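Keep in mind that this is a model prediction, so the values were computed, not measured.
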Amino acid sequence: RCPSMAAVRHLYVPLSAGTHLHVVEAEPTGPSRGTCVLVHGFPDTWYGWRKQIKAIAGCGFRVLVPDQRGYGDTTRPGPPVEEDFSMEEVCADMVALLDALL
């Protein structure tokens with residue numbers, strides 16, 4: 001069990017597709033053991049991970065929890081088009097997030 005807990009902050013990361021990714025971040029409360037990205041499913045937002053975020057950060061991990069495109073406070077690239085929400089696009093968003101914050 002991890003005794004210490006971390007505070008969270010909200011970030012907005014611009015992506016190349018004109019999308020702004022809303023990300024909740026918690027820094028580790030001790031020596032860093034790496035980064036953990038928590039990705040929600042359909043239909044959900046970062047809030048679905050709220051009970052795990054502080055505990056994981058308390059165990060020494062930097063925690064990043066993005067809202068997927070079109071969900072929560074993350075924007076979408078325009079009118080909903082099925083191709084904009086493909087697995088390839090979602091994965092590209094996660095790569096862009098890691099490129100921007102690591």
Side-chain angles (χ1 to χ4, degrees):
R1 204 170 153 207
C2 300
S4 56
M5 301 302 258
V8 299
R9 67 183 182 136
H10 296 258
L11 310 170
Y12 292 88
V13 178
L15 301 179
S16 61
T19 306
H20 286 84
L21 200 64
H22 169 246
V23 183
V24 171
E25 176 187 46
E27 293 288 342
T29 56
S32 180
R33 297 173 61 192
T35 299
C36 179
V37 180
L38 304 176
V39 182
H40 68 78
F42 171 83
D44 206 355
T45 65
W46 73 269
Y47 192 74
W49 290 106
R50 70 192 178 281
K51 294 182 180 180
Q52 290 81 19
I53 295 170
K54 291 181 181 181
I56 294 169
C59 290
F61 293 92
R62 179 184 184 196
V63 182
L64 301 173
V65 192
D67 280 335
Q68 301 298 322
R69 57 172 59 202
Y71 291 90
D73 288 335
T74 293
T75 59
R76 61 177 188 233
V81 177
E82 187 174 342
E83 293 79 28
D84 290 337
F85 298 90
S86 69
M87 187 58 67
E88 290 80 12
E89 293 298 325
V90 171
C91 290
D93 287 350
M94 296 303 101
V95 170
L97 168 66
L98 293 173
D99 285 345
L101 296 181
L102 296 183

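Leu102 and Val95 end up in different hydrophobic clusters when Ile, Leu, Val, Met, Phe, Trp and Tyr side chains are linked at under 4.5 Å. A single hydrophobic cluster is not seen to contain both Tyr71 and Val23; linkage of ILVMFWY side chains at heavy-atom distances under 4.5 Å, directly or through other members, places them apart. Both Leu38 and Tyr47 are members of a single hydrophobic cluster when ILVMFWY side chains are connected at heavy-atom separations under 4.5 Å.
Between the side chain of Arg62 and the backbone N or O of Gly34, no donor-acceptor pair lies under 3.5 Å. In this structure a side-chain-to-backbone donor-acceptor pair under 3.5 Å is present from Asp67 to Trp46. Between the side chain of Arg69 and the backbone N or O of Phe85 there is no donor-acceptor pair closer than 3.5 Å. Looking at His20, its side chain never comes within 3.5 Å of a backbone N or O of Leu15 through a donor-acceptor pair. Looking only at distances, no side-chain donor or acceptor of Thr19 sits under 3.5 Å from a matching main-chain atom of Arg76.
Considering all non-hydrogen atoms of both residues, Phe61 and Thr35 come closest at CD2-N, 4.4 Å. Residues Lys51 and Ala55 approach most closely at O-CB, 4.5 Å, considering heavy atoms. Of all the heavy atoms in Pro66 and Val37, the pair that sits closest is CD-CG1, 4.2 Å. Smallest separation of non-hydrogen atoms from Val8 and Ala26: CG1-CB, 4.0 Å.
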- [ ] For the pair Leu11 and Val24, evaluate side chain to side chain contact (heavy atoms under 4.5 Å, CB included) and give the outcome as yes or no after the intermediate values.
- [x] CA-CA 6 Å; Leu11 310 170; Val24 171; over 6 Å; no
TODO: Apply side chain to side chain contact (heavy atoms under 4.5 Å, CB included) to Gln68 and Thr74, showing your working.
DONE: CA-CA 7 Å; Gln68 301 298 322; Thr74 293; over 6 Å; no
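Using cut-offs of 30° and 60° for the angle between ring planes, the His22 and Tyr12 rings count as tilted.
By the 4.5 Å heavy-atom criterion applied to side chains, Glu25 and Val63 are not counted as neighbours. In this structure, the side chains of Glu89 and Glu83 stay at 4.5 Å or more apart for every pair of heavy atoms. Using a 4.5 Å heavy-atom threshold, the side chains of Asp93 and Leu97 count as separate.
One distance of note links CE of Met94 with CG of Asp99; it measures 11.5 Å at 0.5 Å rounding. Remark: Leu64 CG to Glu27 CD distance equals 8.5 Å, nearest 0.5 Å.
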